[in-house]
Amino acid sequence: MPVKSKSVKMIIISLYIICAALLLVEFFYHRHGHFDFELWFGFYAGFGLLAYLFIVLSATQLRKWLKRSEDYYD
Amino acid sequence: MIEILQHPGLILVLGAPFLGLLSDRLRASAAVLLPLVALLVFLQLPRELSLNYSLFAYELRPLFIDGLSWIFSLIFLIAAVLVAIYSWHGNNRLEQISIPLYAGSAIAAVMAGDLLTLFICWEISALSSTLIIWANRSRYSRSAGMRYLFIQVLSGLLLLLGTLLHYQETQSLLFTAFALDSLAHWLIFFAFGIKCAFPLLHNWLQDAYPHASASGTVALSAFTTKLAVYCLARAFAGTEYLLWIGAVMTAFPIFFAVIENDLRRVLSYSLNNQLGFMVVGIGIGTPLALNGTAAHAFCHILYKALLFMSMGAVLHRIGTTKASELGGLAKSMPWTAAFCLIGAASISAVPLFSGFVSKGIILFAVAEEGYWLLWLVLLFASAGVLDHSGIKVPFFSFFAHDQGLRCKEAPKNMLLAMAITAAACITIGAAPDLLYALLPNSMEFHPYTWDHTITQLQLLFFAGLGFVLLYVNGWYPAELRAINLDSDWLYRKPLYKLASISLKAFNSSINSWQKLRNVTASKLVDLAYHSNGPRSQLARGITVSSMVLIVSLLLTFTLVFYYL
């Protein structure tokens, strides 16, 4: 749905800024990890975003199979 | 010498029935006092304790405290106090008696050092928690409670069978670490697995919990499943199956939570997913991982109770927790909304909140053992937690589209319970050493490293970015007035149908047999009536003169016979 409220726009813009800052921070400290892939640039960021999109979009598809009316068991 | 009457669980179990004798107002306050007394008594007990009794030939250990049972008992008692404060405004007598009974039996089960005591407490907690569901007296609570009871009793039966077989093999009833090497131990494993909501054995949880009252669900969310986690940790730490069972548990409920409409059921799926993290910790089984499980159970009981409390407050004021009916409640219930957000931040493991310092231990322990795939599954599940508990629950009830619902803020006692719980979530998150001091094993773990903090923030904020992208573009699944099928469908539809068909067949066969029996019986009765009835040959009256004639004939016959 389109965003109308100004304050919500501000929240979304600040989210973009925080996300960008969190990515850039990677250059400013020495990173450690148990696994090699943890050290790829933006691994956690990319994994978080993709995992989230996959979960929500595939669950939406799951609805086609599982959705029933509220009185299904009555 | 510690007397058995200082047993905190026993104090609750024995005290609960007396609550029923009090008036409504007095009972609510006594219900707060009772777990408080039990908590104070518990804090006087040493952290290592074993009380042995012999009953006939059996060596029993009804009170056993070590590092693991100590922390679980502590958080159970804290939860019991919080639930009592939360439900103080109510006057549901059955519920107010059942909750301390349930909490007490769960605490006694955690402190049980032998399988027989464990079994008895297991069953009392099953029965009392069913009473909590029934006490709601809603349209669905009776049948949901019945299904719940059936499954809990099944778990108890498996435990009993396992216990008997185990005793037969080892001549010991002590509850210690078991290996999965015999039928007895597999039975016990499955008994725990049912209560721990293993995949496909899980659906009793999502089915029943949303049908209890506002306070009833808060109580239910704290004890049963964490009792099972404790039992698994005591008996089956390091069992490799648990790694993958736990991994599946963290992942699959997420998908159901995304499309579920009833927010208390969303929280039940989320509970299931959090149990998965604990089960993985048990599967790893190192002292660090077991600390992770204990710490996560501790934090989870608090933030999950907080989330259920906030949704309970919504239920109390609005009468529903269906996302499709809610929205914009932050205007009417700002405090409840704030507490809900704290619970959401804690479960999502945002730095400075409790989940961050407890889930971190489990992920660290998994990585230390080199299970990279398992670790990725847990990371995946962490992104999922952010959606259903971190965003969906607070967003669709308190924000999103304002439905024009206006109500009073939650009752003061509910707010107080939420405030204490929220304070605990933040305190643990900000000062994790307070929690780490309570853990069973010593460990070297620092949650607030640059790596852990930044990577976790990246994961959460980019997942949040995913939500914004979907929501703004209208791709986020709408909240619909509908239900979704889960494994309970199996016994609520096909098995139910099969059962009713077989019952019908059984009844009709009984009927025809009864008919046959009636026909045969009536023929026999007719026959007997014919010969023995009032008008039959045998019942005919005999006159005095004929009697005299018969007697004289007999005498004559005897006389003749004598002379022959």
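Residue numbers start from 1 in every chain, and the chains themselves are labelled A, B, ... in the order their sequence lines are given, proteins ahead of strands. We use all heavy atoms of the structure for the numbers below, so side chains are in, but hydrogens, waters and symmetry mates are not.
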Colleague: Measure across Met249(B) and Gly276(B) and return the closest heavy-atom pair with its distance rounded to 0.1 Å.
Modeller: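 Closest heavy-atom pair between Met249(B) and Gly276(B): CB-CA, 3.6 Å.
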Colleague: Quick one: does Leu62(A)'s side chain get under 4.5 Å of Lys67(A)'s, heavy atoms only?
Modeller: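 Not touching, per the 4.5 Å side-chain cut-off.
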Colleague: Measuring heavy-atom distances to chain B, does Val25(A) have an atom under 4.5 Å in its side chain, in its backbone, in both, or in neither?
Modeller: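 Side chain of Val25(A) only, per the 4.5 Å heavy-atom cut-off to chain B.
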Colleague: Which atoms of Asp71(A) come close to chain B, meaning under 4.5 Å heavy atom to heavy atom: side chain ones, backbone ones, both, or neither?
Modeller: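 When you check distances to chain B, no heavy atom of Asp71(A) falls under 4.5 Å.
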Colleague: Select, from Gly384(B), Ala257(B), Ala463(B), the one with the greatest count of heavy-atom pairs under 4.5 Å involving chain A.
Modeller: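 Among the listed options, the one with the most contacts to chain A is Ala463(B).
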Colleague: For chain A, which candidate among Asn261(B), Leu459(B), Asn484(B), Thr455(B) shows the most heavy-atom pairs at distances under 4.5 Å?
Modeller: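 Answer, by heavy-atom pair count under 4.5 Å with chain A: Thr455(B).
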Colleague: Side chains of Asn272(B) and Gln206(B) only: does a donor on one sit below 3.5 Å from an acceptor on the other?
Modeller: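 On atom types as modelled, these side chains qualify, holding a pair under 3.5 Å.
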Colleague: Chain B heavy atoms under 4.5 Å from Thr60(A): which part of the residue, side chain, backbone, both or neither?
Modeller: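 Interface part for Thr60(A): both.
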Colleague: With chain A as the partner chain, list the residues of residues 444-454 of chain B whose heavy atoms fall under 4.5 Å from it, by residue number, and write 'none' if nothing qualifies.
Modeller: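 Those residues of residues 444-454 of chain B which have a heavy atom under 4.5 Å from chain A are Trp450(B), Asp451(B), Ile454(B).
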Colleague: Would you call Arg481(B) and Glu325(B) a salt bridge, taking side-chain N to carboxylate O under 4.0 Å as the test?
Modeller: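 Counted as a salt bridge, because a side-chain N and a carboxylate O are separated by less than 4.0 Å.
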Colleague: Near Arg142(B) CZ, under 6.0 Å, is it more than 12 heavy atoms from other residues, nucleotides or ligands?
Modeller: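 At most 12 heavy atoms, drawn from other residues, nucleotides or ligands, come within 6.0 Å of this atom.
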Colleague: With a 4.5 angstrom heavy-atom cut-off, could you sort out which part of Leu363(B) is near chain A: side chain, backbone, both or neither?
Modeller: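 Neither the backbone nor the side chain of Leu363(B) comes within 4.5 Å of chain A.
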Colleague: Apply the test ring pair (Phe, Tyr, Trp, His ring centres under 6.0 Å) to residues Phe255(B) and Tyr269(B): give CA-CA distance (whole Å), side-chain angles for both, the deciding distance (0.1 Å), then the verdict.
Modeller: CA-CA 9 Å; Phe255(B) 297 93; Tyr269(B) 278 113; over 10 Å; no
Colleague: Which region of Lys392(B), side chain (C-beta onward) or backbone (N, CA, C, O), has a non-hydrogen atom less than 4.5 Å from a non-hydrogen atom of chain A, or is it both or neither?
Modeller: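 The answer is neither part of Lys392(B).
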Colleague: Given a strict heavy-atom distance threshold of 4.5 Å, which part of Ile11(A) is in contact with chain B: side chain, backbone, both, or neither?
Modeller: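 Neither part.
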Colleague: Name the region of Trp489(B), side chain, backbone, both or neither, that has any atom closer than 4.5 Å to a heavy atom of chain A.
Modeller: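 Interface part for Trp489(B): both.
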Colleague: Heavy-atom cut-off 4.5 Å, strictly under: side chain, backbone, both or neither for Tyr72(A) against chain B?
Modeller: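 Tyr72(A) touches chain B through backbone and side-chain heavy atoms alike.
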Colleague: Relative to chain A, which of Phe364(B), Phe461(B), Trp375(B) shows the most heavy atom pairs under 4.5 Å?
Modeller: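 The option with the most such pairs is Trp375(B).
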Colleague: Quick one: does Phe41(A)'s side chain get under 4.5 Å of Leu23(A)'s, heavy atoms only?
Modeller: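 In contact.
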Colleague: Can you tell if the side chain of Gln274(B) reaches within under 4.5 Å of the side chain of Val385(B), non-hydrogen atoms only?
Modeller: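 The answer is yes; the side chains approach within 4.5 Å.
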Colleague: Regarding Lys322(B) and Glu70(A), does a basic nitrogen lie under 4.0 Å from an acidic carboxylate oxygen?
Modeller: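 Judged by the 4.0 Å cut-off on N to carboxylate O distance, Lys322(B) and Glu70(A) do form a salt bridge.
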Colleague: Could you tell me if the side chain of Asp74(A) sits less than 4.5 Å from the side chain of Tyr140(B), heavy atoms only?
Modeller: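 In contact.
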Colleague: Can you say whether Tyr496(B) sits under 4.5 Å from chain A via the side chain, the backbone, both, or neither, judging by heavy atoms?
Modeller: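 Nothing of Tyr496(B), per the 4.5 Å heavy-atom cut-off to chain A.
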Colleague: I'd like to know if Arg147(B) pairs up with Asp488(B) as an ion pair, taking the criterion as any Lys NZ or Arg NE/NH1/NH2 lying under 4.0 Å from an Asp or Glu carboxylate oxygen.
Modeller: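 Result for this pair is no, no salt bridge flagged.
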Colleague: Does any heavy atom of chain A fall under 4.5 Å from the side chain of Leu460(B), the backbone, both, or neither of them?
Modeller: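 For Leu460(B), neither part sits under 4.5 Å from chain A.
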Colleague: Find the one option among Asp387(B), Ile254(B), Leu469(B) whose heavy-atom pairs under 4.5 Å with chain A are most numerous.
Modeller: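 Winner by heavy-atom pair count: Asp387(B).
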Colleague: Answer with side chain, backbone, both or neither: which region of Leu15(A) has an atom nearer than 4.5 Å to a non-hydrogen atom of chain B?
Modeller: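 Contact with chain B is through the side chain of Leu15(A) alone.
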